[in-house]
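To start, the structure under review is shown below, and the notes come after it.
If you're wondering where the values come from, they're calculated on a predicted model, not measured in any experiment.
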Amino acid sequence: MADTASQLMLGSGLTVVSHPLMYVKMLVQVGHEPLPPTLGRNLFGRQVYQLPGLFAYAKHIISIDGKRGLFKGLTPRLCAGVVGTVVHSKVLQCYQNQNQIDGGDQKESSTSLDHVIKETTHEMVARSAATLITHPFHVITLRCMVQFIGRETKYNGVFGSIVTIYKEEGVLGFFAGLIPRLLGDIISLWICNMVAYLINTYALENGAVSEMKSYSQAVTGFLASMLTYPFVLVSNLMAVNNCGLAGGSLPYAPVYTSWIDCWRQLSREGNTTRGNSLFFRKVPAGKSYVYAQKRFY
């Protein structure tokens, strides 16, 4: 119980601190570029036109909505974090209790492939359960953020947003974008754990090198998140797609018939990594500066 409480406190603190980053990232993901590109230099010192980075974008938001404007959608996101942490810990606790009843000795096979598969499966179920239950809060969070584009106030407060979604879209509206989000989480988890297992087993077996085993999970986690980022992007776009907000409707944004349709359109446009980086954001290839001034308003 104490571990869960500490996780909740730590998680809530990190959520508050990271919220402005997520806010800017979401607006970039939907393609909102309110500031024109500026001439700068890339990592190799070459002059290129760059779109505004995290700090310039955040400063723009502050100039319109003040510092509090950077925290739109924070309340439902905190709700998602708290509920998700509790559900995740409860599911894992059930597996641990079952192992104790079965008399399983985890220490004996802690480095075996069977053990890694078993633990990854348990983690997958726990994460999926948490994602499924908290996804409505995630949808509300994203829609509160996207309102910045059209200056709307349609989604105001957690309970008011719940009523709005239910009246307009029914129960399914609370789970917009759920499938790609689940797929991305599951694929990322399995890639991370299996690659870490291979590295720890075959590449870092002995000597001083074995001290690096604790870092392999973090490195593989980062690489897995990069590979599965398109799932995150598609999920977020589908969560706000055709929801009655300017940022998710024509003529500002295309209306997708499904998450697969969204993926295909992004692939054709070369935008499957849009929003993945908030620094050194160059203007998309083939777009001249004059065009960018007209497009990125």
Are I186 and S128 side-chain neighbours, meaning at least one heavy-atom pair lies under 4.5 Å?
yes

Assess whether side chain to side chain contact (heavy atoms under 4.5 Å, CB included) is satisfied between M194 and L198, documenting all intermediate values.
CA-CA 6 Å; M194 296 311 296; L198 293 175; 5.6 Å; no

Same cluster for L54 and V28 if Ile/Leu/Val/Met/Phe/Trp/Tyr side chains link at under 4.5 Å?
yes

Contact check, side chains of M238 and Y256, non-hydrogen atoms, under 4.5 Å:
yes

Rounded to the nearest 0.5 Å, how far does CG of L142 lie from CG of N236?
5.0 Å

So for atom CG, which belongs to L70, do other residues, nucleotides or ligands contribute more than 12 heavy atoms lying within a distance under 6.0 Å?
yes

Is the Y166 ring parallel, tilted or perpendicular to the F174 ring (thresholds 30°, 60°)?
parallel

Who pairs with E269 by salt bridge (Lys or Arg N to Asp or Glu O under 4.0 Å), at least two apart in sequence or on another chain?
none

Distance from N241 atom CG to S258 atom OG, nearest 0.5 Å?
9.5 Å

Do the side chains of W263 and V255 join up, straight or via other hydrophobic residues, at under 4.5 Å, putting them in one cluster?
no

Looking at every heavy atom in both F148 and I61, which two are closest together, and how far apart are they?
CZ-CG1, 4.1 Å

Looking at C243, is its backbone amide N or carbonyl O close enough to the side chain of R143 to form a donor-acceptor pair, meaning the two atoms are under 3.5 Å apart?
no

Shortest non-hydrogen contact between S235 and P180, atoms and distance:
CA-CG, 3.7 Å

To the nearest 0.5 angstrom, please state how far the CZ atom of F175 sits from the CZ atom of R181.
11.5 Å

With a 3.5 Å distance limit and no angle check, can you tell me whether S249 reaches the backbone of A246 through a side-chain donor-acceptor pair?
no

Count the heavy atoms of every other residue, nucleotide or ligand shown that sit under 6.0 Å from CZ of F159, and state whether that count exceeds 12.
no

I'd like to know if the side chain of S12 reaches the main chain of M9, judged simply by a donor and an acceptor atom lying under 3.5 Å from each other, with no hydrogens or angles considered.
no

Please report the closest heavy-atom contact between L27 and V146, naming both atoms and the distance.
CD2-CA, 4.3 Å

Is a donor on one side and an acceptor on the other found under 3.5 Å between the side chain of T134 and the backbone of F137?
no

Please tell me whether L132 and L92 are part of a single hydrophobic cluster in this structure, the criterion being side-chain heavy atoms less than 4.5 Å apart.
no

Might you point out which heavy atoms bring P254 and Q265 nearest each other, and give the distance in Å?
CB-OE1, 4.1 Å

In chain order, what residues pass the salt bridge (Lys or Arg N to Asp or Glu O under 4.0 Å) check against E168, with sequence neighbours excluded?
K154

Quick one: CG on L178 to OG1 on T131, what's the gap to the nearest 0.5 Å?
8.0 Å

All salt bridge (Lys or Arg N to Asp or Glu O under 4.0 Å) counterparts of D65, not counting sequence neighbours:
K72, R151

Pairwise side-chain contact, L113 with Y197, heavy-atom cut-off 4.5 Å (strictly under)
yes

Drop me the distance from E119's CD to S112's OG, to the nearest 0.5 angstrom.
9.5 Å

Does I149 form a side chain to side chain contact (heavy atoms under 4.5 Å, CB included) with L245? I'd like the steps, not just the answer.
CA-CA 9 Å; I149 297 173; L245 298 177; over 6 Å; no

What heavy-atom pair brings V139 and A239 nearest, and what distance separates the two atoms?
CG1-O, 3.9 Å

Whether the E123 and H88 side chains hold a donor-acceptor pair (N or O, under 3.5 Å, no angle test) is what I'd like checked.
yes

Side chain to side chain donor-acceptor pair (under 3.5 Å) filter on R274, not counting sequence neighbours, yields none

Under the ring-ring contact (aromatic ring centres under 6.0 Å, His included) rule, collect the residues that match up with H135, sequence neighbours excluded.
H138

Any chain of hydrophobic side-chain contacts (each under 4.5 Å) joining F55 to I64?
yes

Would you mind reporting whether S18 and M22 have side-chain heavy atoms less than 4.5 Å apart?
no

Of the non-hydrogen atoms in G69 and Y23, which two are nearest, and what is the gap between them?
O-CE2, 2.8 Å

Side chains of K25 and M145 in contact at under 4.5 Å (non-hydrogen atoms)
no

Apply side chain to side chain contact (heavy atoms under 4.5 Å, CB included) to residues L223 and V195 and explain how you reach the verdict.
CA-CA 10 Å; L223 295 176; V195 173; over 6 Å; no

Side-chain contact test, heavy atoms from C-beta onward, threshold under 4.5 Å: evaluate it for L237 versus V30 and give yes or no.
yes

Can you measure from CD1 (I165) to OH (Y155) and round to the nearest 0.5 angstrom?
5.0 Å

Pairwise side-chain contact, N276 with L233, heavy-atom cut-off 4.5 Å (strictly under)
no

Specify whether W259 and F231 have parallel, tilted or perpendicular ring planes, treating 30° as the upper limit for parallel and 60° as the lower limit for perpendicular.
tilted

Indicate if L74 and V17 have the same hydrophobic cluster label, given that clusters are the connected sets of ILVMFWY residues with side-chain heavy-atom separations under 4.5 angstrom.
no

Could you tell me whether the side chain of V116 reaches within less than 4.5 Å of the side chain of T120, counting heavy atoms only?
yes

Over 60° means perpendicular and under 30° means parallel, so tell me whether Y252 and H32 are parallel, tilted or perpendicular.
tilted

Residues two or more places apart in sequence or in another chain: which of them pass salt bridge (Lys or Arg N to Asp or Glu O under 4.0 Å) with R281?
E33

